[in-house]
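Input: a single structure, listed below in structure tokens.
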2 protein chains.
Amino acid sequence: MQEILRRQIEKIVPLTDYEFQLVLSYFSIGKYKKHQYIVQQETPVPYVHFVVKGLLRSFYLDQSGKSHILQFAMEDWWITDNQGFYKGENATLNIDCLEDAQTYYITLENRDQLCVALPKMEFFFLQKMTAGNIALQNRILSLMSKNSEERYLQFIQLYPDLIQRLPKTLVASYLGISRETLSRLSH
Amino acid sequence: MQEILRRQIEKIVPLTDYEFQLVLSYFSIGKYKKHQYIVQQETPVPYVHFVVKGLLRSFYLDQSGKSHILQFAMEDWWITDNQGFYKGENATLNIDCLEDAQTYYITLENRDQLCVALPKMEFFFLQKMTAGNIALQNRILSLMSKNSEERYLQFIQLYPDLIQRLPKTLVASYLGISRETLSRLSH
DNA sequence: GATAAAGTGTGACCTAAATCACGTCAGTGG
DNA sequence: CCACTGACGTGATTTAGGTCACACTTTATC
């Protein structure tokens with residue numbers, strides 16, 4: 001179970017058994033049930049979560065009550081409200097579980113201390129953050145330059161494994177289109 | 001001129017004079033004229049640029065020939081094609097100068113070596129990347145949840161200094177709306 | 001195993017924004 | 001000083017996608 005985290009880190013920096021145990025010692029384990037919230041708008045965001053099992057989503061509720069999915073996170077993904085977590089502000093997003101889930105979570109203080117104890121972890125986090133940036137930029141360009149169908153096809157291609165676990169309603173909300181429009185696309 | 005870079009770094013990590021000279025030694029200075037390209041689609045992306053003077057933009061040309069502005073960069077901002085630069089791929093974006101410009105630029109190898117020579121710089125880059133992530137996520141939510149007018153007003157509010165230096169055509173292209181629609185907004 | 005709650009498809013209609021097509025004006029460069 | 005280019009506004013028309021309203025099916029839940 002912890003191997004999944006180790007494997008991800010080792011794709012970027014090698015770790016001895018001892019070092020990995022050290023890494024782990026900064027994390028806690030959380031178990032959550034479907035529909036459970038782990039971050040709620042207007043409340044603090046103490047943790048970033050590494051998903052070990054299950055499926056979560058972060059979403060924004062706009063003034064008119066519509067929800068917009070910013071991110072999904074299944075096994076091997078990280079999730080939090082970045083703005084709240086890194087700037088120490090209250091959440092603007094909600095995060096809840098689409099399936100029963102288990103995560104390793106860490107506070108910002110612990111993350112920073114981990115980087116002091118094991119400096120190569122800072123490089124790991126920098127690489128992850130960089131990869132996140134690239135993905136976000138591509139999503140922006142996709143929103144600006146592609147129509148609904150093209151975005152849907154791109155999503156299928158990028159996340160073939162995710163799509164099987166998601167109702168189309170949620171995919172639509174991620175793509176920024178209505179449920180009905182998506183329904184009409186998949187003939 | 002170099003003070004602008006020093007001030008930005010020192011907002012995150014303190015530097016001695018010696019350390020700052022060390023930092024600088026990894027950068028080169030580039031001067032560019034209005035309309036000049038510093039990154040071109042389908043070619044390598046050797047540098048990330050810190051803008052010291054002037055104004056640049058990165059944009060994506062889609063299949064139909066429409067251009068979509070991903071980012072502006074004026075003094076005190078960083079700019080590159082992230083995907084090309086960090087993954088060592090050819091550019092998918094173009095970057096050109098909207099005004100005569102001057103930058104400090106650095107290769108990925110030099111950045112990494114700088115972080116070895118002065119580890120706190122890695123923390124600096126991590127913080128910058130994190131801030132970038134937050135901004136990108138907010139932009140995505142804005143694209144998904146706001147209409148043209150709301151996005152325009154938000155832009156004015158976020159970048160009051162930028163807007164004075166930009167023709168509305170380019171602002172429209174950044175916001176993902178047509179020139180004409182933007183024109184009709186500002187009554 | 002009954003009842004409720006999600007998920008999905010589809011028709012009818014509406015609307016924000018794109019597109020096309022002008023005209024005007026300012027700046028720039030030969 | 002003239003010609004060209006880019007910026008900007010504005011009308012007329014089109015269109016992708018949103019919204020509303022139903023029906024039907026599948027999945028949870030007590």
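All of these numbers come straight from a predicted model, not from anything done at the bench. By convention in this document, chain letters (A, B, ...) are assigned in the order of the sequence lines, proteins followed by strands, and residues within each chain are numbered from 1.
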Subject >> Between B:Thr92 and B:Gln83: side-chain donor-acceptor atoms closer than 3.5 Å >> reply: no
Original post:
Taking it one step at a time, do A:Asn94 and A:Gln41 satisfy side-chain hydrogen bond (donor to acceptor under 3.5 Å, both in side chains)?
Top reply: CA-CA 5 Å; A:Asn94 301 280; A:Gln41 238 162 339; 3.0 Å; yes
Original post:
B:Leu175 has an atom CG; how far is it from atom P of C:dA18, in whole Å?
Top reply: 11 Å
Original post:
With sequence neighbours excluded, what pairs up with A:Thr181 under the side-chain contact (heavy atoms from CB on, under 4.5 Å) test?
Top reply: A:Ser148, A:Ser178
**OP:** Could you walk me through whether A:Asp17 and A:Arg6 pass the salt bridge (Lys or Arg N to Asp or Glu O under 4.0 Å) test, one step at a time?
**Re:** CA-CA 10 Å; A:Asp17 288 354; A:Arg6 180 165 186 172; 2.9 Å; yes
Subject >> Per-nucleotide protein contact string for nucleotides 15-28 of chain D (B base, S sugar-phosphate only, - none; heavy atom under 4.0 Å) >> reply: --SBBB--------
**OP:** Indicate the ring-plane relationship of A:Tyr105 and A:Tyr47, choosing parallel, tilted or perpendicular according to the 30° and 60° boundaries.
**Re:** tilted
**OP:** Establish, for the pair A:Arg139 and A:Tyr174, whether the NZ or CZ atom is under 6.0 angstrom from the six-membered ring centre and no further than 45 degrees off its axis.
**Re:** yes
Subject >> Interatomic spacing from CG in B:Leu22 to CG in B:Leu15 - rounded to 0.5 Å >> reply: 9.5 Å
Original post:
Within a strict 4.5 Å, meaning less than it, do heavy atoms of the A:Arg165 and A:Leu98 side chains meet?
Top reply: no
**OP:** Could you tell me the separation between the NZ atom of B:Lys168 and the P atom of C:dC25, rounded to a whole number of Å?
**Re:** 17 Å
Original post:
So how far off straight is the helix from C:dG1-D:dC30 to C:dG30-D:dC1, going by the axes through five pairs at either end, to 10°?
Top reply: 50°
